[in-house]
Amino acid sequence: LAGPEYIPLRKSIVRNKFNRNNSSDIVNFAVIAGGSDPFGLIPTIAKILHSIEVEFKAFLFTTIRQNLVSDPRIVYVDIGDQLEEITNDCDFIITTAGTSCLEFLARGFPVGIVRVVENQDQNFKVLGQMGVAAQIGKCDAGQNWDIDKNVIKELISSSELRKSLLYLRF
């Protein structure tokens, strides 16, 4: 079994296709790093978001509650049942370059991806080359992050970039 028709996806993803429900002019987005976030992607992204001087509302899904920046534009959410409800009102998603990015791409979301571990290299490279996901950055084996703040800022500020990520799908 090979090819995109055999990617395992939750049934709810198929029925919840991207259709922005957010009536606000403020860009909403979610950041999802998976269960325990052992490499600290969420705190890293939170610090970067705190330094970006544009309006937005970010929902950061995490079980971590220590050493997180306080910013009225950032809402920390426990990983769980709220994921689909909250993401339905989002303009884009930032997630790891693993299975979760494929799930959000299948739902039709504009996606920014972060390569966290080596087995995500192929998704990170290919999805970026194809123009269906914005490459935000990587974590090396020593847990050092190389995140491009400008790509995140552009995802927030540029509806054209978000639209281009939608229209390049085949």
Side-chain angles (χ1 to χ4, degrees), residues 7-116 120 123 127 132-137 139 145 147 149 151-166 169:
I7 296 171
L9 299 174
R10 289 176 280 140
K11 290 180 184 177
S12 61
I13 288 174
V14 176
R15 44 172 213 266
N16 288 326
K17 288 283 193 179
F18 173 68
N19 184 12
R20 185 179 188 268
N21 295 328
N22 178 15
S23 60
S24 168
D25 289 333
I26 295 175
V27 172
N28 289 345
F29 61 97
V31 183
I32 299 119
S36 62
D37 189 15
F39 300 101
L41 176 61
I42 295 296
T44 301
I45 295 287
K47 288 176 188 169
I48 292 169
L49 292 175
H50 182 66
S51 71
I52 295 175
E53 296 182 3
V54 297
E55 284 298 314
F56 61 81
K57 186 168 186 179
F59 298 92
L60 279 65
F61 287 83
T62 183
T63 57
I64 299 170
R65 289 294 182 257
Q66 300 166 351
N67 302 320
L68 295 173
V69 298
S70 179
D71 187 312
R73 303 170 298 170
I74 299 172
V75 178
Y76 298 102
V77 182
D78 289 327
I79 297 169
D81 296 338
Q82 295 181 359
L83 179 69
E84 290 182 35
E85 179 183 341
I86 289 173
T87 57
N88 284 340
D89 292 330
C90 287
D91 297 282
F92 68 94
I93 305 295
I94 295 175
T95 190
T96 62
T99 306
S100 64
C101 77
L102 300 176
E103 291 179 349
F104 284 105
L105 287 169
R107 282 180 66 189
F109 277 92
V111 174
I113 53 175
V114 180
R115 181 262 195 209
V116 179
Q120 297 174 352
N123 283 352
L127 295 173
V132 297
Q135 295 172 316
I136 291 174
C139 180
W145 288 102
I147 303 290
K149 173 182 172 179
V151 175
I152 296 173
K153 186 175 181 179
E154 189 175 2
L155 276 168
I156 297 168
S157 303
S158 174
S159 62
E160 292 305 312
L161 172 59
R162 295 190 305 272
K163 285 178 188 173
S164 75
L165 294 173
L166 293 174
R169 309 276 165 80

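Every heavy atom of this structure was used, including side-chain atoms; hydrogens, water molecules and symmetry mates were not.
Between the Arg115 side chain and the Thr96 main chain, no donor and acceptor come within less than 3.5 Å of each other. With hydrogens and angles disregarded, no donor-acceptor distance shorter than 3.5 Å links the side chain of Trp145 to the backbone of Ile45. At distances below 3.5 Å, not a single donor-acceptor pair connects side-chain atoms of Arg162 with backbone N or O atoms of Glu154.
Atom-to-atom distance recorded for Ile48:CD1 and Lys149:NZ is 8.5 Å, nearest 0.5 angstrom. In this structure, CD1 on Ile86 lies 10.0 Å from CG on Asn28, to the nearest 0.5 angstrom. The CD1 atom of Ile42 sits 14.5 Å away from the CG atom of Asn67 when rounded to the nearest 0.5 Å. Separation of atoms CD (Glu84) and CD (Glu103) is listed at 9.0 Å; rounding is to 0.5 Å. Of the inter-residue distances, the one linking Ile113 atom CD1 with Leu105 atom CG reads 8.0 Å to the nearest 0.5 angstrom. Atom CD of Glu55 is separated from atom OG of Ser157 by 11.0 Å, given to the nearest 0.5 angstrom.
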Requested in this report: Check the pair Val69 / Tyr76 against side chain to side chain contact (heavy atoms under 4.5 Å, CB included), numbers first and verdict last.
Outcome: CA-CA 10 Å; Val69 298; Tyr76 298 102; 3.6 Å; yes
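When all heavy atoms of Gln66 and Ile64 are compared, the pair lying nearest together is O-CG2, 3.6 Å. Taking both residues in full, the closest heavy atoms of Cys101 and Leu127 are given as SG-CD1, 3.7 Å, listed atom of the first, atom of the second, then distance. Nearest heavy atom pair, residue Ala30 against residue Ile32, reads CB-CD1, 3.9 Å. In terms of heavy-atom proximity, Leu166 sits nearest to Phe109 at CD2-C, 4.1 Å. Of all heavy-atom pairs spanning Arg73 and Glu53, the tightest one is NH1-CA, 4.3 Å. Minimum heavy-atom separation, Phe61 to Asp78: CD2-O, 3.8 Å.
When side chains are defined from C-beta on, Gln135 does not count as touching Val151, because their heavy atoms never get closer than 4.5 Å. The side-chain heavy atoms of Val116 and Pro38, taken from C-beta on, include no pair separated by under 4.5 Å.
In summary, of the residues considered (Leu161, Val111, Leu155), a side chain to side chain contact (heavy atoms under 4.5 Å, CB included) with Phe92 occurs for Leu155 alone. Shown are Ile136, Ile152, Thr44; of these, the side chain to side chain contact (heavy atoms under 4.5 Å, CB included) with Val114 is made only by Ile136. Across Leu49, Thr87, Ile93, Asp89, a single residue satisfies side chain to side chain contact (heavy atoms under 4.5 Å, CB included) together with Phe29, and that is Leu49.
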